[in-house]
**Q** 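Quick one: this structure, given as structure tokens, is what I'll be asking you about.
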Amino acid sequence: MVKEYISWDDIKKYSDELAVEIEKRCDDLSKVTIIAVSRGGLVPAQLVGYKLDIRDIRVMKLISYDENNNRGETKDISTDKLIDGENVFIIDDLADSGETVKYLRKNYPNSKVCTLLMKDCCTEKPDIAIKDDIKAGTWLVFPWD
């Protein structure tokens, strides 16, 4: 399996690019809510929030992997009040299989799903993916891993 190491500089660069894409889609940034998908989306969501001066940042806690890293049913164990709407941007680090994106689209159909990275095998594409050419089978190592 090929490993690709993502640096802190990469995360900052991709987050800045995501902020630009979000800004393009908004008439009024003061009405924007960011929802970070925990845990991978926490750092990018914070960076985007600072870059665009968005203070309404909420956390969605999704679980879909067991203790052995086997994918199961996606479950939402969030405690924040989550909303759906055209000014809501849900941020995650990676779209891999597309299952999380599919879950988000079903449950938050009016929100925009955003990821920093996307694998080419992803079956359900996010609305915004900054780097979308990660090959299937690549194991991504994030700086927080």
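Note that this is a predicted model, so its numbers are computed, not measured. Along the sequence shown, the residues carry numbers beginning at 1.
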**Q** Quick one: ring-ring contact (aromatic ring centres under 6.0 Å, His included) partners of Phe142, sequence neighbours excluded?
**A**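 Applying ring-ring contact (aromatic ring centres under 6.0 Å, His included) to Phe142 gives Trp144.
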**Q** Give the cluster check for Leu29 versus Leu18: same hydrophobic cluster or not, with ILVMFWY residues linked at side-chain heavy-atom distances below 4.5 Å.
**A**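 Linked within one cluster.
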**Q** Quick one: pull up OH in Tyr14 and CG in Asp9 and give me the separation to the nearest 0.5 Å.
**A**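 Interatomic distance, Tyr14 OH to Asp9 CG, rounded to 0.5 Å: 10.5 Å.
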**Q** How is the hydrophobic cluster of Tyr103 composed, in terms of its other members, when Ile, Leu, Val, Met, Phe, Trp and Tyr link through side-chain heavy atoms under 4.5 Å apart, directly or indirectly?
**A**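 Ile35, Val37, Met60, Leu62, Leu82, Ile83, Val88, Ile90, Val101, Leu104, Tyr108, Val113, which link up through side-chain heavy atoms under 4.5 Å apart, make up the rest of the cluster.
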**Q** My understanding is that only residues two or more places apart in sequence, or in another chain, count here; which of them pass side chain to side chain contact (heavy atoms under 4.5 Å, CB included) with Glu4?
**A**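 Listed in chain order: Ile6, Lys131, Ile134, Thr138, Leu140.
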**Q** Which pairs count as side chain to side chain donor-acceptor pair (under 3.5 Å) when at least one residue sits in residues 29-44, sequence neighbours excluded?
**A**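 Every pair satisfying side chain to side chain donor-acceptor pair (under 3.5 Å) with a residue in residues 29-44: Asp28-Ser30, Thr33-Asp56.
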**Q** For Lys13, what residues pass the salt bridge (Lys or Arg N to Asp or Glu O under 4.0 Å) criterion, not counting sequence neighbours?
**A**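 Once residues adjacent in sequence are excluded, the partners of Lys13 under the salt bridge (Lys or Arg N to Asp or Glu O under 4.0 Å) criterion are Glu17.
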**Q** If you round to the nearest 0.5 Å, how far is CD1 of Ile34 from CD of Gln46?
**A**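 Here the interatomic distance stands at 10.5 Å.
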**Q** Counting neighbours of CG on Asp133 that are heavy atoms of other residues, nucleotides or ligands and sit closer than 6.0 Å, is the number greater than 12?
**A**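 More than 12 heavy atoms, drawn from other residues, nucleotides or ligands, come within 6.0 Å of this atom.
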**Q** Do any pairs count as a salt bridge (Lys or Arg N to Asp or Glu O under 4.0 Å) and have a residue in residues 134-145, sequence neighbours left out, and if so which ones?
**A**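 Listed by first then second residue: Asp120-Lys135.
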**Q** Could you go through Cys114 and Asp127, starting from their C-alpha distance and side-chain angles, then the distance that decides it, and tell me whether this counts as side-chain contact (heavy atoms from CB on, under 4.5 Å)?
**A** CA-CA 6 Å; Cys114 312; Asp127 298 293; 5.8 Å; no
**Q** Could I get the full list of side-chain hydrogen bond (donor to acceptor under 3.5 Å, both in side chains) partners for Glu21, not counting sequence neighbours?
**A**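 For Glu21, the residues satisfying side-chain hydrogen bond (donor to acceptor under 3.5 Å, both in side chains) (neighbours in sequence not counted) are Lys24, Arg25.
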**Q** Identify, with sequence neighbours excluded, every residue that meets side chain to side chain contact (heavy atoms under 4.5 Å, CB included) alongside Lys3.
**A**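 Only Tyr5, Trp139, Val141 meet the side chain to side chain contact (heavy atoms under 4.5 Å, CB included) criterion with Lys3.
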**Q** Using the test side-chain hydrogen bond (donor to acceptor under 3.5 Å, both in side chains), find all partners of Lys51 that sit at least two apart in sequence or belong to another chain.
**A**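 Checked Lys51 against side-chain hydrogen bond (donor to acceptor under 3.5 Å, both in side chains); zero matches.
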**Q** Indicate yes or no: at least one non-hydrogen side-chain atom of Val48 is less than 4.5 angstrom from one of Ile22.
**A**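 The answer is yes; the side chains approach within 4.5 Å.
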**Q** Are any side-chain N or O atoms of Thr123 and backbone N or O atoms of Ser97, one a donor and one an acceptor, separated by less than 3.5 Å?
**A**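 Present.
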**Q** Where do Ala19 and Leu52 come nearest, in terms of heavy atoms and distance?
**A**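 So the two residues come closest at O-CD1, 3.6 Å.
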**Q** Where is the tightest heavy-atom contact between Pro44 and Ile91, given as atom of each residue plus distance?
**A**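 Smallest heavy-atom distance, with atoms named: CB-CG2, 3.9 Å.
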**Q** Looking at residues at least two apart in the chain, or sitting in another chain, which of them share a side-chain hydrogen bond (donor to acceptor under 3.5 Å, both in side chains) with Asn87?
**A**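 side-chain hydrogen bond (donor to acceptor under 3.5 Å, both in side chains) list for Asn87, sorted by chain: empty.
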**Q** Taking the side chain from Ser7 and the backbone from Asp10, do they hold a donor-acceptor pair closer than 3.5 Å?
**A**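 Pair found, side chain donor or acceptor close to backbone of Asp10.
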**Q** Please give me the minimum heavy-atom distance between Pro143 and Ile11, naming the atom from each residue.
**A**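 For Pro143 and Ile11, the tightest heavy-atom pair comes out as CG-CG1, 3.9 Å.
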**Q** Taking the side chain as C-beta and beyond, is there a heavy-atom pair between Ile130 and Leu117 under 4.5 Å?
**A**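 A side-chain contact is absent here, since even the closest heavy-atom pair is not under 4.5 Å.
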**Q** Mind checking side chain to side chain contact (heavy atoms under 4.5 Å, CB included) for Cys121 and listing every partner two or more places apart, or none if nothing turns up?
**A**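 Testing Cys121 for side chain to side chain contact (heavy atoms under 4.5 Å, CB included), a comparison that skips the adjacent residues, returns Asp96, Lys119, Ala136.
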**Q** CH2 of Trp8 to CG of Leu47: how many Å apart, nearest 0.5 Å?
**A**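 So the CH2 of Trp8 and the CG of Leu47 are separated by 8.5 Å.
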**Q** How close do Pro126 and Met118 get, heavy atom to heavy atom, and via which atoms?
**A**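 Between these two residues, the closest heavy atoms are CD-SD, 3.4 Å.
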**Q** Show every salt bridge (Lys or Arg N to Asp or Glu O under 4.0 Å) that has at least one partner inside residues 77-94, sequence neighbours left out.
**A**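 As it turns out, there is no salt bridge (Lys or Arg N to Asp or Glu O under 4.0 Å) pair with a partner in residues 77-94 once direct neighbours are skipped.
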